[in-house]
Amino acid sequence: MAQTYHTTVGSRRYRFNGLAELMAKATPPRSGDRLAGVIAESAEERVVAQMVLAELPLTTFLNEVLIPYEHDEITRLIIDEHDVAAFAPLTHLTVGDFRNWLLSDHATSDVLAAARPGITPEMAAAVSKLMRNQDLMLVAKKCQVTTAFRNTIGLPGRLSTRLQPNHPTDDVTGIAASILDGLLYGSGDAVIGINPATDNVAQSIKLMRLMDDVIQKYEIPTQSCVLTHVTNTLEAIEQGAPVDLVFQSIGGTEATNRSFGFDLSTLAEAEAAAQTLNRGTVGRNVMYFETGQGSSLSADAHHGLDQQTCEARAYAVARKFNPLLVNTVVGFIGPEYLYDGKEIMRAGLEDHFCGKLLGVPMGCDVCYTNHAEADQNDMDNLLTLLGVAGCNFVMGIPGSDDIMLNYQTTSFHDALYARRVLGLKAAPEFEQWLAKMHIFQDVSSYRLNDQLPAAFANSLRHLPKEAARDV
């Protein structure tokens, strides 16, 4: 039976029936938790829940699981792989003490890296509920998570971008034009990644070959990915396709992932298959995961948990497979889960903090749907805050409007803005390529060239006349 948590404030006694209810009611307000019926009934109840949560020993999360061990493989993963030795310096702390320790000068980057294996997703989610936005940013900034495949992502002072050249009909010319556009703005060091409009193996292989041809022709130190289902990528590997990264959307409960059509063994098989290809040059991180608050609620697979705690549990899945990239698509699902710009901003900072604290290479799709109470100014704010917090990568899309997925995100120009205003650079190998290709007049300041770089100009001159007119 779940433990009951209670306290008295003034003349009123508050009671929380179990850890899941306490966590949910301590969560900053968002529409998804309201939809699920787990939100605090008032701001006062929320503060009381946070007060109770702050006094909770961290060891509680090892003794009281949120989803039964025997019913959920994510719970089993979290408990079975918990590192007792790494947790030892934290065993005496409450959640509130943990927050204070994270913010202290004692919690350096090296100390936080050593503690990662001992911190569970639930601990990370719990402490985030006690933090202001600036707290989330300060701690995340200290949590460096570096990965590598054909370049090195996540180094201090760097901000990478996913070049996302989606097209509503997967038109090769349109995709190629978007790739060229992005490269000319210095985008694409995290990955050139396409969401296929037609999600099948044959189409995925066609797009993989297109991106591989571009990368090989121009010797770009980056990686490609078609964001198709993991089982499609496995089949593509079997057919000899040039697979760099294996993609899959993941959730924080077994039931969520089964609704997506996979389990942990599927991901293990895919990672092993990708490793056999040996396509990386400077590293062997071959997985790319995307997450998002609300996915478990959408799948009716949240087990009564708040959506932010479910999201943090997804990072246990991610870190199991040593991914190159993890991306929280923060505002994509819609206002049913994150109603407005304020909720989207808070969720983005929470996700980035929890992922980095757990050792996950977090990026963020700073985005919203057109029926949300948000606009591009909200996205500018979140992009800037994440840049300050040390986010590994963001999206780069022509004009910030994804014409295939129909949502608003960050453009090539937005990524350029973030690098300029915050003094951030691309991945080092990619930065050297930008200089070699004369993409910018001055790579250090991202000053654009007036002329098309010679290598690209030469390629365009050799296009067939009809193709050139189409472009």
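Atoms considered below: every heavy atom in the structure, side chains included; atoms not considered: hydrogens, waters and symmetry mates.
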Residues in ring-ring contact (aromatic ring centres under 6.0 Å, His included) with F247, at least two apart?
-> Y288

When the ring planes of F412 and Y185 are compared, do they come out parallel, tilted or perpendicular, using 30° and 60° as the limits?
-> parallel

T228-D199 side chain donor-acceptor pair, cut-off 3.5 Å = yes

Any side-chain donor-acceptor pair under 3.5 Å between Q164 and D365?
-> no

Is it true that D306 and K129 have a side-chain N and a carboxylate O under 4.0 angstrom from each other?
-> yes

Please determine if R30 and E350 form a salt bridge, counting it only when a charged side-chain N lies under 4.0 Å from a carboxylate O.
-> yes

Say whether T253 and T256, considering side chains only, have a donor N or O and an acceptor N or O under 3.5 Å apart.
-> yes

For K142 and S109, test the side chains for any donor-to-acceptor distance below 3.5 angstrom and give the result as yes or no.
-> no

May I ask you to check whether T384 and N381 show a side-chain donor-acceptor distance below 3.5 Å?
-> no

Partner of V243 under side-chain contact (heavy atoms from CB on, under 4.5 Å), chosen from I205, V226, L234, T233 = T233

Establish, from distance only, whether the side-chain atoms of E311 and T291 form a donor-acceptor pair under 3.5 Å.
-> yes

Does a donor on one side chain and an acceptor on the other come within less than 3.5 Å for N195 and N166?
-> yes

Q408 side chain to T369 side chain, donor-acceptor N/O pair below 3.5 angstrom | no

D351 and T328: side-chain donor and acceptor closer than 3.5 Å?
-> yes

K25/Y14 under side-chain contact (heavy atoms from CB on, under 4.5 Å): CA gap, chis, key distance, verdict = CA-CA 11 Å; K25 294 200 170 181; Y14 289 86; over 6 Å; no

Between F16 and H6, is the gap from one ring center to the other below 6.0 Å?
-> no

Modelled atom types, side-chain donor and acceptor of S265 and D263, under 3.5 Å | yes

Is it true that R150 and D244 have a side-chain N and a carboxylate O under 4.0 angstrom from each other?
-> yes

S104 side chain vs H106 backbone, donor-acceptor pair below 3.5 Å | yes

Looking at D72 and R258, does any basic side-chain N land under 4.0 Å from a carboxylate oxygen?
-> no

Does a donor on one side chain sit under 3.5 Å from an acceptor on the other, for T410 and D414?
-> no

Below 4.0 angstrom, N of the basic side chain to O of the carboxylate: do R162 and E290 qualify?
-> yes

Would L245 and V191 count as a side-chain contact (heavy atoms from CB on, under 4.5 Å) if you check the C-alpha gap in whole Å, the side-chain angles of each, and the deciding distance to 0.1 Å?
-> CA-CA 9 Å; L245 304 183; V191 65; 3.9 Å; yes

So, T75 versus R313: side-chain donor-acceptor pair below 3.5 Å or not?
-> yes

Sort and list the pairs that fulfil ring pair (Phe, Tyr, Trp, His ring centres under 6.0 Å) and have at least one residue in residues 302-357, not counting sequence neighbours.
-> F332-Y407

If you measure only the distance, is there a donor-acceptor pair under 3.5 Å linking the side chains of T146 and Q144?
-> yes

S224 and M208, any side-chain heavy atoms less than 4.5 Å apart | no

Regarding T231 and H229, is there a side-chain donor-to-acceptor distance under 3.5 Å anywhere?
-> yes

